[in-house]
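Below, each value reflects all heavy atoms present in this structure, side chains not excepted, and no hydrogens, waters or symmetry copies. Throughout, protein chains are lettered first and strands after them, A, B, ... in sequence-line order, and every chain is numbered starting at 1.
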Amino acid sequence: MKILNSMRLKVPSKSSNEAFVRVAVAAFAAQLDPTCEEIADIKTAVSEAVTNCIVHGYRDKIGEIYIYARITSDRKLTIRIADKGCGIENIEKAMEPLYTTAPEGERSGLGFTVMESFMDRLKVTSKPGVGTTVTMEKKLSGRDKE
Amino acid sequence: MKILNSMRLKVPSKSSNEAFVRVAVAAFAAQLDPTCEEIADIKTAVSEAVTNCIVHGYRDKIGEIYIYARITSDRKLTIRIADKGCGIENIEKAMEPLYTTAPEGERSGLGFTVMESFMDRLKVTSKPGVGTTVTMEKKLSGRDKE
Amino acid sequence: MRIDVDGDQLIVYLEGEIDHHRAGLLREEIDEAIDIHRPLLLTLDFGGVTFMDSSGIGLVMGRWRLLNEYGGICELDHIPPHLRKVMRLAGLEKLANFRNS
Amino acid sequence: MRIDVDGDQLIVYLEGEIDHHRAGLLREEIDEAIDIHRPLLLTLDFGGVTFMDSSGIGLVMGRWRLLNEYGGICELDHIPPHLRKVMRLAGLEKLANFRNS
Ligand SMILES: Nc1ncnc2c1ncn2[C@@H]1O[C@H](COP(=O)(O)OP(=O)(O)O)[C@@H](O)[C@H]1O
Ligand SMILES: Nc1ncnc2c1ncn2[C@@H]1O[C@H](COP(=O)(O)OP(=O)(O)O)[C@@H](O)[C@H]1O
């Protein structure tokens, strides 16, 4: 599969960047001429992943969030979002719907569930004390050209 | 001056990234709640700088374009756009209105002129064989909140 | 965001994008109004919402709990299609009443 | 992009964003039409253009030169405010006629 385009983005873990990153990734994905629903799906999944870096990964400190995105000739969008924060002890448990370690912050425990349902594929790798990387894939439908 | 937020973006020098980068920088600048005219100014200046990396810096090859943007507490947006391309021999001459080394590509020689007039400050540093860096600043007006 | 009081009912007209960044601010404003008026019915109107991630679910569940504490109920109104997709994941239909959706 | 022929006149309705990426594609299409019809008046209508950088100036100047070669003239119509800012930098008012702007 040929890589058609790619981008790397790095932002500090400030909550105002949740909106910025999801718009930036959506603008990147625009090259594949996605439908409105696909754009909304992508924005929502990206928002979840970035929020997790801010809320859980770096919790009370500011660190860097690393975003990589690429599109390939099979119309597949791959997004990788990583932090060098606290990491996850038990990934399987963390991915269970409604499981959250931050109920006091009114987290619903549905971030991973949203990422899984709105994208085609989700992979989470993490190491306590080292950081967390989330990789998501979505194949975009070919939209009819006017 | 306190740095409120910053972002680093890296994309290959493909012409489809002209649109992507200007939208991404505009989305970043949105935190300062700019006017429509300010957004248009920023997008146009960014488009010129990115196009120059693609058309002149890397000419017939693909290289990386490095974008850095930050906002400070005085509502100043700083944008740095750099390539590791061919560089510029004579910066002063290059910045003259209507001067272009690529008339065959229908370049108008107005890229730097646009950057200078649409932003408050423009600084160009370049070294032949090493690359070119363009730094632009614009102070955004405080818009009345509804 | 506009908040209307109508007898025992509090209607919150949400708008724009609801993410973690904004949910905190919204929560404060809504809870202040709940604290003052102690409504028996809280209506969260999503008609003007253009984006929402799971932070919005946290916002709804949190308010639902708050009203539940003193016997109030919560309903969601005018949910745009894409938000419904997120709400369905949360099973919110079982918690709060859906109207005009 | 729509291109209309009206006697000796060719009207090009430009739309969307004009940057270096798109200018190349637009140029090809417009020049093909010019080649076929040899218009005495080329009208570039910018009414539908939402963004333009100096690549658009190159596009206008290139077409202007092309028409000039055989005695045709060029006019620009419906230029949105922000585009006018770019056009003014280029002194395009002196080259082509501005209409409805
Ligand atoms: N980037 C991360 N760094 C550390 N822990 C994380 C990260 N992302 C998720 N987690 C852990 O996984 C749990 C579940 O995440 P998620 O499904 O997104 O729900 P929520 O964010 O609402 O808690 C979190 O509560 C947290 O403990
Ligand atoms: N990033 C760059 N790398 C190498 N040369 C550049 C770069 N940017 C500008 N130049 C040189 O400066 C000249 C003037 O640039 P500019 O004012 O943007 O006009 P134009 O892009 O239309 O030629 C270019 O023709 C080129 O020779």
Legend entry - Side chain to side chain, A:Arg22 and C:Asp19, heavy atoms closer than 4.5 Å: yes
Inset, instruction - Check whether any side-chain heavy atom of C:His20 sits under 4.5 Å from a side-chain heavy atom of A:Ser47, and report yes or no. - result: no
Legend entry - A:Thr44 OG1 to C:Lys85 NZ distance, which is reported to the nearest 0.5 Å: 8.0 Å
Legend entry - Distance in Å, A:Lys43 NZ paired with C:Thr50 OG1, rounded so as to fall on 0.5 Å steps: 7.0 Å
Inset, instruction - Would you please say whether a donor-acceptor pair under 3.5 Å links the side chains of C:His21 and A:Glu18? - result: no
[X], part contacting chain C, at a heavy-atom distance under 4.5 Å:
| X | value |
| --- | --- |
| A:Ser117 | side chain |
| A:Ala45 | neither |
| A:Val50 | neither |

Legend entry - Heavy-atom pair with the smallest gap, counting every atom of C:Gly62 and A:Glu106: CA-OE2, 3.5 Å
Legend entry - Heavy-atom pair of closest approach, residues A:Thr113 and C:Leu89: O-CD1, 4.1 Å
Within a 6.0 Å radius of atom [atom1] on [X], are there more than 12 heavy atoms belonging to other residues, nucleotides or ligands?
| X | atom1 | answer |
| --- | --- | --- |
| A:Lys61 | NZ | yes |
| A:Glu92 | CD | no |
| A:Glu89 | CD | no |

Legend entry - Between A:Ser108, A:Pro103, A:Pro97, A:Gly111, the one whose heavy-atom pairs under 4.5 Å with chain C are most numerous: A:Ser108
Inset, instruction - Determine the option with the most heavy-atom pairs under 4.5 angstrom with chain C, choosing from A:Asp41, A:Val114, A:Thr100. - result: A:Asp41
Legend entry - Under 4.5 Å from a heavy atom of chain A, the part of C:Arg27 involved: side chain
Legend entry - Expected output: side-chain A:Glu48 to main-chain C:Asp53 donor-acceptor under 3.5 Å: no
